Amino acid sequence: MAECDRDIEERLTTFDTTIDVLAKSLPSAKVNRRNLCTNQPSFDLRGHLYQIFGVYLMAVPGISVLTAHTLLAEVGPDLSRFRSGAAFASWLGLCPDNDISGGKTLSVKTRPGRNRAAGALRMAVNGPL
């Protein structure tokens, strides 16, 4: 596991940083003693994610370091390719796919999909705050 953590940390250093950590310090981590995750990496993943995204995603309730890392792995550091938040939610398959015929709503289910980022966000919503 230590070798895998070193490899992940090495690859995270290759991303462009969008924020200067010296100018804007990293917010302190909220530690929930009741729900400590044993799968946390042995390096400072919070700092790398803060530098890459330019915002502190873990400030959102339910988003953990591992959820933010999953978003980085699946979507990438640049979310500007999506024209809006609605387009991003649609790409993830989180919004309903309205099936309407003749003005009558036939179905409002979400599309089936195996998007890992969507799965991570669903777990974050259902997880502890």
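This is a predicted model, so every value here is computed, not measured.
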Pair Phe43-Ile8, side chain to side chain contact (heavy atoms under 4.5 Å, CB included): steps then yes or no: CA-CA 9 Å; Phe43 61 94; Ile8 291 171; 3.7 Å; yes
Give, for atom CG of Leu66 and atom CG of Leu71, the distance between the pair rounded to the nearest 0.5 Å. 11.5 Å
With a 4.5 Å cut-off on side-chain heavy atoms, are Glu9 and Leu45 touching? no
Separation between CG of Leu12 and CG of Leu72, rounded to the nearest 0.5 Å: 6.5 Å
Work out which heavy atom in Leu121 is nearest to a heavy atom in Leu94; give both atom names and the distance. CD1-CD1, 4.3 Å
Side chain to side chain contact (heavy atoms under 4.5 Å, CB included) for Asp7 and Arg11? Distances and angles first, verdict last. CA-CA 6 Å; Asp7 189 37; Arg11 291 177 190 271; 3.3 Å; yes
Which atom pair, heavy atoms only, marks the closest approach of Phe88 to Leu79? CE1-CD2, 4.3 Å
Closest non-hydrogen atom pair between Val65 and Arg46, with its separation: CG2-CG, 3.4 Å
Can you tell me if Asn98 has over 12 outside heavy atoms packed within less than 6.0 Å of its CG? yes
Below 4.5 Å, heavy atoms only, C-beta onward: do Ile100 and Ser107 meet side chain to side chain? no
Could you give the distance from CG (Leu92) to CD (Glu74), rounded to the nearest 0.5 Å? 10.0 Å
Which pair of heavy atoms, one from Trp91 and one from Val75, lies closest together, and at what distance? CZ3-CG2, 3.9 Å
Evaluation steps, side chain to side chain contact (heavy atoms under 4.5 Å, CB included), between Gln51 and Asp16: CA-CA 8 Å; Gln51 287 179 342; Asp16 294 332; over 6 Å; no
Working to the nearest 0.5 Å, report the span between CD of Glu10 and CG of Asp5. 12.5 Å
Out of curiosity, Arg122 CZ to Asn115 CG, how far, rounded to the nearest 0.5 Å? 8.0 Å
With a 4.5 Å cut-off on side-chain heavy atoms, are Thr105 and Asp99 touching? no
Where do Ala124 and Thr67 come nearest, in terms of heavy atoms and distance? CB-CG2, 4.2 Å
From OH (Tyr56) to CG (Leu49), nearest 0.5 Å: 9.5 Å
